[in-house]
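Shown next, in structure tokens, is the structure this report addresses.
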Amino acid sequence: QVQLVESGGGLVQAGGSLRLSCAASGRTFRRYGMAWFRQAPGKERDFVAVIDWSGVEASYADTVKGRFTISRDGAKNELYLQMNSLKPEDTAVYCCAAVAGYGLGINPSDYDYWGQGTQVTVSS
């Protein structure tokens, strides 16, 4: 069982930056693939970024590639999402997700554990 708690969301102007964190419980964090998804009002949950259990391989949605960076710290049991050059269309609730194993899935159905989410609002 893994419990996930996100933090770091907030209100930022377009062009600004935010760093999201996801704290994971459990001693087997390093055995889980991790990802970030986001959901804007009235829209489906969309893939943002994913990282494998070793932290070596990552993949991004085309909409955030070059602006966002996903990373993880096994010693702290934390997942991060550094978001730069934010745009109003990045406004959404951001959730982290986990699945036992190597990971790198990009569909919500690939994940077994979810956090409650943190709101990111980008003003124009």
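As the structure is a prediction and not an experimental result, all values here were calculated from the model.
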Minimum-distance pair of heavy atoms, taken over all atoms of [X] and [Y]:
X    : Y    : value
Y111 : G33  : CE2-O, 4.0 Å
G117 : E6   : N-OE1, 2.8 Å
L20  : Y94  : CD1-CB, 3.5 Å
L81  : W36  : CB-NE1, 3.5 Å
N84  : S17  : OD1-OG, 2.9 Å
A14  : S124 : CB-CA, 4.4 Å

Treating Ile, Leu, Val, Met, Phe, Trp and Tyr as nodes and any side-chain heavy-atom pair under 4.5 angstrom as an edge, say whether [X] and [Y] lie in one connected cluster.
X    : Y   : answer
V93  : L18 : no
W114 : V50 : yes
V64  : M83 : yes
I51  : F68 : yes

Working note: W53 + V99, criterion side-chain contact (heavy atoms from CB on, under 4.5 Å); need CA distance, chi angles, decisive distance, verdict. CA-CA 9 Å; W53 65 359; V99 62; over 6 Å; no

Nearest 0.5 angstrom please: [X] [atom1] to [Y] [atom2], how far?
X    : Y   : atom1 : atom2 : answer
Q3   : N77 : CD    : CG    : 12.5 Å
S71  : E78 : OG    : CD    : 10.0 Å
I106 : F37 : CD1   : CZ    : 8.0 Å
S21  : R72 : OG    : CZ    : 13.5 Å
Y113 : C96 : OH    : SG    : 13.5 Å
Y32  : L79 : OH    : CG    : 14.5 Å

If you count heavy atoms of other groups shown closer than 6.0 angstrom to CZ of R67, is the number above 12?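 Above 12, so yes.
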
Tell me whether the count of non-hydrogen atoms from other residues, nucleotides or ligands lying under 6.0 Å of CD in E89 goes above 12. yes

Any chance you could lay out the side-chain contact (heavy atoms from CB on, under 4.5 Å) test for L4 and M34, step after step, and finish with the verdict? CA-CA 11 Å; L4 306 172; M34 305 288 295; 4.0 Å; yes

Taking atom types as modelled and ignoring hydrogens, do the side chains of S109 and N107 form a donor-acceptor contact shorter than 3.5 angstrom? no

When you compare the side chains of Y80 and Q82, does any donor N or O come within less than 3.5 Å of an acceptor on the partner? no

Apply side-chain contact (heavy atoms from CB on, under 4.5 Å) to the pair Q119 and T91, showing each step before the final yes or no. CA-CA 8 Å; Q119 176 70 46; T91 295; 4.0 Å; yes

Looking at K87 and D90, is there a salt bridge between them, counting it only when a charged N and a carboxylate O are closer than 4.0 Å?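 Salt bridge flag = no for K87 with D90.
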
